[in-house]
Structure formats: structure tokens, C-alpha cells
Asker: 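I have a structure here, written as C-alpha cells, and I will follow up with some questions on it.
If you're wondering where the values come from, they're calculated on a predicted model, not measured in any experiment. Values below: all heavy atoms of this structure, side chains included; hydrogens, waters and symmetry mates excluded.
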Amino acid sequence: MKPPPFEYRAPASVEEALNLLAEAGDDGKALAGGQSLIPLLNFRLARPSVLIDLNGIPSLSGITLTAEGSVCIGAMTRQRVLERSVDIRQCAPLITETMPHVAHPQIRNRGTIGGSLAHAEPAAELPAVMITLGARVRLQNKTGERWLSANDFFTGLFSTALETGELLTAVEVPAMPPRTGYAFEEFARRHGDFALLGVATTVTLDQSGICRDARITLVNPGAGAERMNHAAQTLLGSAPNAAKINEVAELVGSAITATADVHASAAYRQQLARVLTRRALDRAFSRALRA
């Protein structure tokens, strides 16, 4: 298959890209790493009349540490850069742990953080990780910008809060509090394949070892990343132990809106949710106790 005809534009600045997006309206499509968009074009599942290539805009790439301890990531930053970044490892180690699960090295060499988030693939790892970390995204159009939490950015199956003419230009991840542990677990048929299910979690302990914050987000239970707020809240006010972790894992397994497809039944995904949540929480609490 070959893509349908389109006009190709290669802006040299964010301002130029936003003007092109505004002119194209719903007929325009931004090209980042292309690891999802190019197959869609070839299968003619996407038919933009204008393709706006962002690869010639240096200001959209890079990792910057802020005075508050958060990390700001340009939307065109390659996934391989995230995987190898010392700053990411120090400030947001959950991202570092997750990146080897994202497809294969050849994909991560070209794929970008902004492209992955904007595509909102249900089996993608980065949306769940950004929700868990409390990240926010910067959305810009030709008249201004707005910031949205990652939790509010994802709205459904391949669906986000991006409006016509808007471009995701940056992701900001806040600093993790002291005594915070993290973990990512995923199960796929082969390493690098789409996850049948995954779990991203962070837990924060107070000085006495009591859990004061917990976040659990699932990868690919159904239409997209799903945050398990009720189950996570069950951990608050208690010391980590096997019984409590098992209780929370059972809550997650029974609460997810799991869907069935050719790869796994709903019951299988529910069981995966129990097992992977148990593993992730056990490792996250171990790290928090050592922090």
C-alpha cells in the first residue's frame, strides 16, 4: 500500500508549524517520529491533505531541568534519548525503567515522546507512565498555549484533548517526593510487542514507613490507560505488607474495564492486572523503603 496524495511542508520554527496547522485545519497532520503515522498513511487509515514535518524544528527537542526540580521534555525528543538520559534517570526513573519495554530499539531511535502521547495508542506505555507521574502537557496554537494534566489529556481510544490547529510541544514531569518508590511491569507475547497489559505505579512513604500517596495506572486494559484511583487509595495510611498488596491487586483485577480481543480474553487481562500489580507494588515499596 502507498499513502494517498498530500502536500509536504517542513517548517523551521514552532510559529511556522502552528501557522501551517491553522491554515490546514482538519486536513493537516503533524509528522513527528512517524512510527505510527506512516503505517496509517500507507494503509490509508489517515488521509491528510497536508503533512507538516516537525523534524526541522530544533527547539522542540531536548530535556531541561527546572529550578523546582521538575523535568521539561520537548515533544520531539526521541524515545532513545529518554532511555539513555542521566537527567531522566535521576528525576523520573520510572520513565527510564519503562523505555526498554517500548517497541524495539529501531523504533525508539525515531519515535518521539510527543508523537506517542498524541497518538494515544491503548497499548502504549508512555501515556500510563505520564498519568502516574502527574505530568502535564503543553498544547500550543497560533494564538496561545494551555497546559493540561496527562490525566485530562487522554480522552479515549486514540483520542486526546488536542483541538484543531493545536500542537503538543512539551511535557513537564514534576519532581518525585522523597521516599518515593516506583515500578513498571508489562506482559507481552514477545518483548517489544504490544503489551497485553502493563502496570505503572509510584508509592510514597512518610518517615514512619506509612504510605501517604500511591498511584496505579494500567496499560491496555481497554480503550486506553486507566488510573486505578480506588485501589491506590486503599494503600493510604497503612504500612506496606504482603496482605495489603494482595488486597489492592485483587481490587485492581476486579475493577478494570478489561476488553477481549484476538490476543486475550477479558478474564485473562483481569488476572494479568492482579499479578502485575502485585509485582509492581512489591518492587515500588521496596524502593521507597530504601530511598
Asker: Between Glu166 and Arg146, does any side-chain N to carboxylate O distance fall below 4.0 Å?
Answerer: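 A salt bridge links Glu166 with Arg146.
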Asker: Is the closest side-chain donor-acceptor distance between Glu226 and Thr257 under 3.5 Å?
Answerer: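 Yes, a side-chain donor-acceptor pair sits under 3.5 Å.
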Asker: Should Val173 and Met130 be marked as a side chain to side chain contact (heavy atoms under 4.5 Å, CB included) after you check the CA-CA gap, both sets of side-chain angles, and the distance that decides it?
Answerer: CA-CA 8 Å; Val173 181; Met130 294 304 149; 4.1 Å; yes
Asker: If only side-chain N and O atoms count, and only distance matters, is there a donor-acceptor pair under 3.5 Å linking Thr155 with Thr160?
Answerer: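 Result is no, nothing qualifies.
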Asker: Sequence neighbours left out, what passes side chain to side chain contact (heavy atoms under 4.5 Å, CB included) with Ser208? Give chain and number order.
Answerer: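 Testing Ser208 for side chain to side chain contact (heavy atoms under 4.5 Å, CB included), a comparison that skips the adjacent residues, returns Asp206, Ile210.
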Asker: Is it the case that the side chains of Thr169 and Arg138 hold a donor-acceptor pair, with the cut-off being a distance below 3.5 Å and no angle test?
Answerer: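 A pair is found: one side chain offers a donor N or O, the other an acceptor, under 3.5 Å apart.
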Asker: Using a strict 4.0 Å threshold on nitrogen-to-oxygen distance, state whether Asp193 and Arg190 make a salt bridge.
Answerer: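 A salt bridge is present here (some side-chain N lies under 4.0 Å from a carboxylate O).
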Asker: Transitive ILVMFWY cluster of Leu51 at side-chain heavy atoms under 4.5 Å: who else is in it?
Answerer: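 Traced through the cluster, Leu51 reaches Phe6, Tyr8, Leu31, Leu37, Ile38, Leu41.
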Asker: Would you say the side-chain atoms of Asn246 and Arg278 include a donor-acceptor pair closer than 3.5 Å?
Answerer: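 Result is yes, a qualifying pair exists.
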Asker: Tell me every residue that passes side chain to side chain contact (heavy atoms under 4.5 Å, CB included) with Gln35, counting only those two or more places apart in sequence or in another chain.
Answerer: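 With sequence neighbours excluded, Gln35 shows a side chain to side chain contact (heavy atoms under 4.5 Å, CB included) to Ile107, Arg110, given in chain and number order.
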Asker: Run the side chain to side chain contact (heavy atoms under 4.5 Å, CB included) test on His230 and Gln233 for me, step by step, so that the C-alpha distance in whole Å, both residues' side-chain angles and the decisive distance to 0.1 Å come before the verdict.
Answerer: CA-CA 5 Å; His230 175 67; Gln233 291 293 312; 5.5 Å; no
Asker: Would you call Asp261 and Arg269 a salt bridge, taking side-chain N to carboxylate O under 4.0 Å as the test?
Answerer: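 The answer is yes: the pair qualifies as a salt bridge.
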Asker: Which residues, ordered by chain and number, are linked to Ile245 in its hydrophobic cluster, where ILVMFWY side chains connect at heavy-atom gaps below 4.5 Å, directly or through other members?
Answerer: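 Ile245 shares its hydrophobic cluster with Phe187, Leu196, Leu197, Val199, Val203, Leu205, Ile216, Leu218, Met228, Leu235, Val248, Val252, Ile256, Tyr268, Leu272, Leu276, Leu281, Phe285, Leu289.
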Asker: Is the shortest side-chain N to carboxylate O distance from Glu97 to Arg89 below 4.0 Å?
Answerer: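 Not counted as a salt bridge, because no side-chain N and carboxylate O are separated by less than 4.0 Å.
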Asker: Is the closest basic N to carboxylate O distance between Glu83 and Arg78 below 4.0 Å?
Answerer: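 Not counted as a salt bridge, because no side-chain N and carboxylate O are separated by less than 4.0 Å.
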Asker: For Ser70, give me all partners under side chain to side chain contact (heavy atoms under 4.5 Å, CB included), at least two apart in sequence or on another chain.
Answerer: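 Ser70 satisfies side chain to side chain contact (heavy atoms under 4.5 Å, CB included) with Thr66, Glu172 once adjacent residues are dropped.
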Asker: What residues form a ring pair (Phe, Tyr, Trp, His ring centres under 6.0 Å) with Tyr182, not counting sequence neighbours?
Answerer: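 So Tyr182 forms no ring pair (Phe, Tyr, Trp, His ring centres under 6.0 Å) with any residue.
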Asker: Would you say Asp27's side chain and Ser49's backbone share a donor-acceptor pair under 3.5 angstrom?
Answerer: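 Judged by distance alone, no pair lies under 3.5 Å.
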